[in-house]
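In what follows, every heavy atom counts, from backbone to side chain, and hydrogens, waters and symmetry copies are set aside. Every chain is numbered from 1 and lettered A, B, ... according to where its sequence line falls, protein lines coming before strand lines.
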Amino acid sequence: MAEYTSLEKIRLAKIEALRAAGIEPFPHRAERTHTSTQAIASFEKAEKEAGQAAPAEMKATLAGRLRAVRPMGKVTFAHIEDGDGRIQLFLRANDIGEDKLELFNRTFDLGDFIQAAGFIFRTRTGEVTLHVQDFRMLSKAVSPLPAAKDEATSDGQVIRHAALEDPELRARQRYADLAVNPEVRQVFRRRAAIIRALRQFLDERGFLEVETPILQPIYGGAAAKPFVTHHNQLKQDLYLRISFELYLKRLLVGNLERVYEMGRDFRNEGVSYKHNPEFTQLEFYWAYADYLQVMELTEQMVAYVAEKVLGTLRVTYQGHELDFTPPWRRLEMRQGLKETTGIDIAAHPTAESLFEALKKTGKMPDPRATRGKLIDFMLSEFLEPTLIQPTFLYNYPRDISPLAKSKPGDPLTVERFEAYVAGFELCNAFTELNDPLDQESRFLEMGRDYAAEDEEKHPMDDDYLRAMRYGMPPNGGFGMGVDRLAMLLTDKHSIRDVLLFPHLRETKEN
RNA sequence: GGGCGCGUAGCUCAAUGGUAGAGCACUGGCCUUUUAAGCCAUUGGUUGAGAGUUCGAGCCUCUCCGCGCUCACCA
């Protein structure tokens, strides 16, 4: 049972009062002829056409949420906000009667959804306003919105004098955040536009969008701990997928040459400003292409999205001026590490030798790490933070890339790249391993490397190997965190700001 | 998981260890073109939860809860 605050009790009493007066505070149907923006635009157009003469009377029925009320005796001004903007209402006792104005002033509150009909005019101070001839309640708000006061100037600007700012409340009650902070609605409109543009780009190039299982008997395709669930009737444990990779590549075996999927991945790991337990991933696989072709497609795709969504390839992100114009900088990992650490990884073919070299840098890596893990450590410790402008880092160590194809003549290195922007990883791609015998031995190797830590052990996927034995075309594969792209294109520091309902710890009330 | 910080009215924020306050919102009154409308009068609190020190705790100590930053983890 809800516990009501004193403010809520007052509003509940108003609901009773409305019903007692024969007015339903939650009617079934509503009417509307214009949105606020449409009403203002068509009135201004009519004004322009009329020139010096007064424009013909323009009737309108509007609907929206009450965001400001200024009662002045026998006249009340109010603002309603709808999906695309705000408009002022003018209620006068002469037009609607003193009783109805009294009803409005006594029982209508900020946050209520209302409908108002009348004609559009301009007030003395010049604001386009609905002169209300009739109005009704559409939905009574029991709880006041957690909003401070806004100032609406006559030229349509809204000045925020205080706002809902508590990041926890904003994330837990995103509905309230959206209702009182219009710029949040813009972030999620832009996110939708990003996702739409990604689909368009891939669709136009002959990629087929597919859907593969989220509940998987064997998880794979990434090194992450999975969420475990259980099917009761089948008495079977299932994992929420940590990547789409192994299923999408099965489709290449089935002669689908270009496939992609955009959807949710789940990783049972730490939560941070760039990690959420569930996140949106885009993966595509492209038969007869290699990682260099994927690299080109990647920079084109991101540039396409930025152009579509923002109309520019130059983006301000957390104070950095980023330029997504292709071609992006290409930096071989070995070269990048040599420049930032002075260590040439090619001169250290074993973990022991690389560890000794790293000790001299003053940063201490995990002494049990494999060579690949040590290189990964060097990457995140020294190189990653320097990669602000979009950069392709390519040629990765083999032992942290069990699904990527080796570089010809270099058994320690695979054909893999990651794109870094603003110091964090945006995407990951490689020339996919399609030799079933090599793949099997890589799985076995991983099993050995991770044997100590059971949860991270990469399970052998026999069905995947069976598929590959039928023959998999050479191909390039790609994966990107869509939330991270959304962060870049909305200038948000935290992944929580681009997720409508980010994961938060349970509270006692819940 | 570690370190640092934060949590006070519906919202935004004050308050030397000494009676918990302001603005907005709310409630009542005046006001027929206002723009955070204005003026007058009110109301509103288990200071995140619990324990301790003290004559006295929003403030000091401890435990717990939540959030933020950061480190670790993270193909």
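The side chain of A/Tyr273 has B/U70 as its nearest neighbour among B/A75, B/U70, B/U27. Residue A/Arg505 places its side chain closer to B/C67 than to any other of B/A75, B/C67, B/C26. Comparing B/C26, B/C74, B/G66 by their nearest atom to the side chain of A/Arg172 picks out B/G66. Residue A/Leu164 has its side chain nearest to B/U12 when only B/A72, B/G66, B/U12 are considered. Of the candidate nucleotides B/U27, B/U70, B/C11, B/U27 has the atom lying nearest to any side-chain atom of A/Ile10. Nearest to the side-chain atoms of A/Leu110 among the listed nucleotides B/C26, B/U70, B/A75 stands B/C26. Here B/U34 is the nucleotide among B/U34, B/A72, B/A75 with the atom lying nearest to any side-chain atom of A/Gln88.
Nucleotide B/A9 holds its C1' atom 14 Å from the CD atom of A/Glu8, rounded to whole Å. Rounded to an integer number of Å, the gap from NE2 of A/His275 to C1' of B/C69 is 16 Å. A straight line from NZ of A/Lys249 to C1' of B/A75 spans 12 Å, rounded to a whole angstrom. Look at CD on A/Glu278: it is 17 Å from C1' on B/C74, rounded to the nearest Å.
For B/G1 and B/C59, the P atoms lie 26 Å apart once the distance is rounded to whole Å. Rounded to whole Å, the C1' atom of B/G7 lies 13 Å from the corresponding atom of B/C13. With P as the reference atom, B/C6 and B/A14 are 12 Å apart, rounded to whole Å. Atom name C1', nucleotides B/U42 and B/A9: the rounded distance is 15 Å, in whole Å. Comparing the C1' positions of B/G48 and B/G5 gives a spacing of 16 Å, expressed to the nearest Å.
In terms of heavy-atom proximity, A/Arg267 sits nearest to A/Ser243 at NH2-CB, 4.3 Å.
Backbone-only contact: A/Pro146 has heavy atoms under 4.0 Å from sugar-phosphate atoms and none from a base. Residue-level contact check: A/Ala163 touches the backbone only, with heavy atoms under 4.0 Å from sugar-phosphate atoms and none from bases.
Side-chain contact check for A/Ile345 versus A/Arg371: some heavy-atom pair is nearer than 4.5 Å.
Proximity of A/Lys9 to the phosphate of B/G10: no side-chain N or O atom is located under 4.0 Å from OP1 or OP2. Here A/Arg70 reaches the OP1 or OP2 of B/A37: one of its side-chain N or O atoms lies under 4.0 Å away. Residue A/Arg416 places none of its side-chain N or O atoms closer than 4.0 Å to OP1 or OP2 of B/A75.
Here A/Asp376 does not pair with A/Lys373 in a salt bridge; the nearest charged N to carboxylate O distance is not below 4.0 Å.
With sequence neighbours excluded, no residue satisfies side-chain hydrogen bond (donor to acceptor under 3.5 Å, both in side chains) with A/Thr386. Residues that satisfy the side-chain hydrogen bond (donor to acceptor under 3.5 Å, both in side chains) test with A/Glu102, not counting sequence neighbours, are A/Arg106.
One can find a donor-acceptor pair under 3.5 Å joining the base of B/U35 and the side-chain atoms of A/Glu127.
Base pairing analysis places B/C4 opposite B/G68; the two distances defining the Watson-Crick or G-U wobble pair are each below 3.5 Å. Nucleotide B/U47 forms a pair with no other nucleotide shown, judged by Watson-Crick or G-U wobble geometry with both contacts under 3.5 Å.
Note: A/Phe377 and A/Phe382 have perpendicular aromatic rings, judged against thresholds of 30 and 60 degrees for the angle between ring planes.
Ring pair A/Phe430/A/Tyr396: centre-to-centre distance not below 6.0 Å.
In terms of modelled atom types and a separation under 3.5 Å, the side chain of A/Asp483 and the main chain of A/Thr280 share a donor-acceptor contact.
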List, with names and distances, any nitrogen or oxygen atoms from the protein found under 3.5 Å away from nitrogen or oxygen atoms belonging to nucleotides 28-33 of chain B.
{"residue": "B/G28", "atom": "OP1", "partner": "A/Arg106", "partner atom": "NH1", "Å": "3.4"}
{"residue": "B/G29", "atom": "OP1", "partner": "A/Arg106", "partner atom": "NH2", "Å": "3.3"}
{"residue": "B/G29", "atom": "OP2", "partner": "A/Arg106", "partner atom": "NH2", "Å": "3.1"}
{"residue": "B/C31", "atom": "N3", "partner": "A/Gly73", "partner atom": "N", "Å": "3.1"}
{"residue": "B/C31", "atom": "N4", "partner": "A/Gly73", "partner atom": "N", "Å": "3.4"}
{"residue": "B/U32", "atom": "OP2", "partner": "A/Lys74", "partner atom": "N", "Å": "3.3"}
{"residue": "B/U32", "atom": "N3", "partner": "A/Asn94", "partner atom": "OD1", "Å": "2.7"}
{"residue": "B/U32", "atom": "O4", "partner": "A/Asn94", "partner atom": "OD1", "Å": "2.5"}
{"residue": "B/U33", "atom": "O2'", "partner": "A/Arg124", "partner atom": "NE", "Å": "3.4"}
{"residue": "B/U33", "atom": "O2'", "partner": "A/Arg124", "partner atom": "NH1", "Å": "3.1"}
{"residue": "B/U33", "atom": "O2", "partner": "A/Arg124", "partner atom": "N", "Å": "3.0"}

